Amino acid sequence: MDSRAQNEIKIYFDKLYQSGVTPWKEHPPEEMLERFLKYLKEKTSDTKVLDIGCGDGWISIKVAQFSFEVWGIDSSETAIEHARVLAKDNSLDYKAHFQVGDALNLPYKNNNFDALIDRGLFHHILPENRNVYLQNILRVLRKKSYIYLAVFSEKNFEGIGQRFTKKDIGDIFGQYFKIVYFDEDPYPSNAPAHLIHLVFERK
């Protein structure tokens, strides 16, 4: 695992949170996320959701508003401080739990979660670290579990982060998960990024 280069990415995003620069929040949660949460309600009960790379908790709060219990984890201490305040301000701190941590070394028990949300983290996981990411999420997810994944598409502008096609993601996740839904942002779009969205069910 290349921890040095991955750590540089963590530092970059923590500095953005410290300066209050969060352009990804200008890209509102899509219909696909709401569809995923409705799908979860049909498939599971007393659902425990992990929001990996949760940032300041803005997606986690939406999950909690769907009556799910959610755990958010992010490497940025600044972001997690904001997430805890956001949960308290929305009277959801009993449902939304946040901690500083590493997506490549998740501090949770085995078979702990029914679902995982990754909106914007995976495209910052370096290729050489993808297997560590997968082994971590496989360990903490239950045998019957679901994922919502949103990543930069091939239409996104070049910059920090990797770009993917549906096939790319299928090749990476396909050994362990099957695609239930696929969608992508309209193009061109006024949003600051172009994302593809996938819902997976564990095989």
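All of these numbers come straight from a predicted model, not from anything done at the bench.
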Query raised in the report: So do the side chains of V49 and D51 get within less than 4.5 Å of each other, counting heavy atoms only?
Result: no
Rounding to 0.5 Å, atoms CD (E81) and CG (D74) come to a distance of 12.0 Å
OG of S60 to CD of Q65, rounded to nearest 0.5 Å, is 11.0 Å
Closest non-hydrogen contact found for Q135 with Y176 is NE2-OH, 3.5 Å
Sorted by chain and residue number, the salt bridge (charged side-chain N to carboxylate O under 4.0 Å, His left out) partners of E158 (sequence neighbours excluded) come out as R163
Rounded to the nearest 0.5 angstrom, the OH-OH distance for Y12 and Y17 is 11.5 Å
Residue pair L106 / I52, side-chain heavy-atom distance below 4.5 Å
yes
ask   = Does any non-hydrogen side-chain atom of L134 lie less than 4.5 Å from one of I172?
value = yes
Under 3.5 Å, is there a donor-acceptor pair between the side chain of Q18 and the main chain of T78? no
Measure from the side-chain N and O atoms of E184 to the backbone N and O of H194, and report whether any donor-acceptor pair falls under 3.5 Å.
no
Checklist entry - Under 3.5 Å, is there a donor-acceptor pair between the side chain of R202 and the main chain of F177? => result no
Tightest non-hydrogen contact, residues C54 and G72, listed as SG-C, 3.5 Å
Of all heavy-atom pairs linking Q6 and L104, the shortest is CG-CD1, 4.0 Å
Closest non-hydrogen contact found for M32 with V199 is CE-CG2, 4.0 Å
Neighbour count above 12 (heavy atom, 6.0 Å) for K178 NZ = no
Taking every heavy atom of G120 against every heavy atom of H123, the minimum-distance pair comes out as O-NE2, 3.0 Å
Discussion item. What I want to check is whether the side chains of N156 and S153 have a donor and an acceptor closer together than 3.5 Å.
Written reply: no
| task | Take atom CG of D89 as the centre, draw a 6.0 Å sphere, and report whether it contains more than 12 heavy atoms from other residues, nucleotides or ligands. | result | yes
Would K155 and D185 pass as an ion pair if we require N to O under 4.0 Å?
-> no
ILVMFWY network linking Y181 to V63, side-chain heavy atoms under 4.5 angstrom = yes
Query raised in the report: Would you call D93 and K88 a salt bridge, taking side-chain N to carboxylate O under 4.0 Å as the test?
Result: no
Open item on the list: Over 60° means perpendicular and under 30° means parallel, so tell me whether W71 and H97 are parallel, tilted or perpendicular.
Closed with: tilted
Under 3.5 Å, is there a donor-acceptor pair between the side chain of H82 and the main chain of A79?
no
In terms of ring plane angle, is the pair H197 and H27 parallel, tilted or perpendicular, where the classes change at 30° and 60°?
tilted
Determine whether a donor-acceptor pair (N or O, by modelled atom type, separation under 3.5 Å) exists between the side chain of Q99 and the backbone of I80.
no
Distance under 6.0 Å and angle within 45° of ring axis: K203 vs F173
no
Q) Quick one: do L121 and V151 end up in the same hydrophobic cluster if we chain Ile, Leu, Val, Met, Phe, Trp and Tyr together by side-chain heavy atoms under 4.5 Å apart? A) yes
Review point. Around atom CD of E77, are there more than 12 heavy atoms of other residues, nucleotides or ligands at under 6.0 Å?
Key: no
Open item on the list: Looking at N190, I want to see if its CG is surrounded by more than 12 non-hydrogen atoms of other residues, nucleotides or ligands under 6.0 Å.
Closed with: no
dist I125:CD1 -> E128:CD (nearest 0.5 Å) comes out at 10.5 Å
Taken to the nearest 0.5 Å, the spacing of K166 NZ from D183 CG works out to 10.5 Å
Quick check against the 3.5 Å criterion: does N7 have a side-chain atom that pairs as donor or acceptor with the backbone of S3? no
Show me, pair by pair, the donor-acceptor contacts under 3.5 angstrom made by side chains of residues 33-40, not counting sequence neighbours?
residue, atom, partner, partner atom, Å
E34, OE2, K38, NZ, 3.3

Check your understanding: Are the side chains of T44 and Y146 in touch, meaning some heavy atoms are under 4.5 Å apart?
Key -> yes
Closest heavy-atom pair, A83 versus F98, reported as atoms and distance to 0.1 Å, is O-CE1, 3.5 Å
Result for side-chain contact (heavy atoms from CB on, under 4.5 Å) between I179 and one of L149, I169, L198, I147 points to L198
dist S76:OG -> I11:CD1 (nearest 0.5 Å) comes out at 11.5 Å
message: Looking at T165, is its backbone amide N or carbonyl O close enough to the side chain of D168 to form a donor-acceptor pair, meaning the two atoms are under 3.5 Å apart?
response: yes
Does L195 form a side-chain contact (heavy atoms from CB on, under 4.5 Å) with R119? I'd like the steps, not just the answer. CA-CA 9 Å; L195 303 176; R119 189 187 186 279; 4.1 Å; yes
Q. Are D102 and K10 side-chain neighbours, meaning at least one heavy-atom pair lies under 4.5 Å?
A. yes
| message | So does S67 get a backbone contact from the side chain of K41, meaning a donor-acceptor N/O pair under 3.5 Å? | response | no
**Prompt:** Side-chain heavy atoms under 4.5 angstrom apart, residues restricted to Ile, Leu, Val, Met, Phe, Trp, Tyr: same cluster for F122 and I73?
**Reply:** yes
Do F200 and F182 belong together in a cluster built from hydrophobic side chains that touch within less than 4.5 Å? yes
Practice prompt. Answer yes if F13 and F152 sit in the same cluster of Ile, Leu, Val, Met, Phe, Trp and Tyr residues linked by side chain heavy atoms under 4.5 Å apart, and no otherwise.
Written response: no
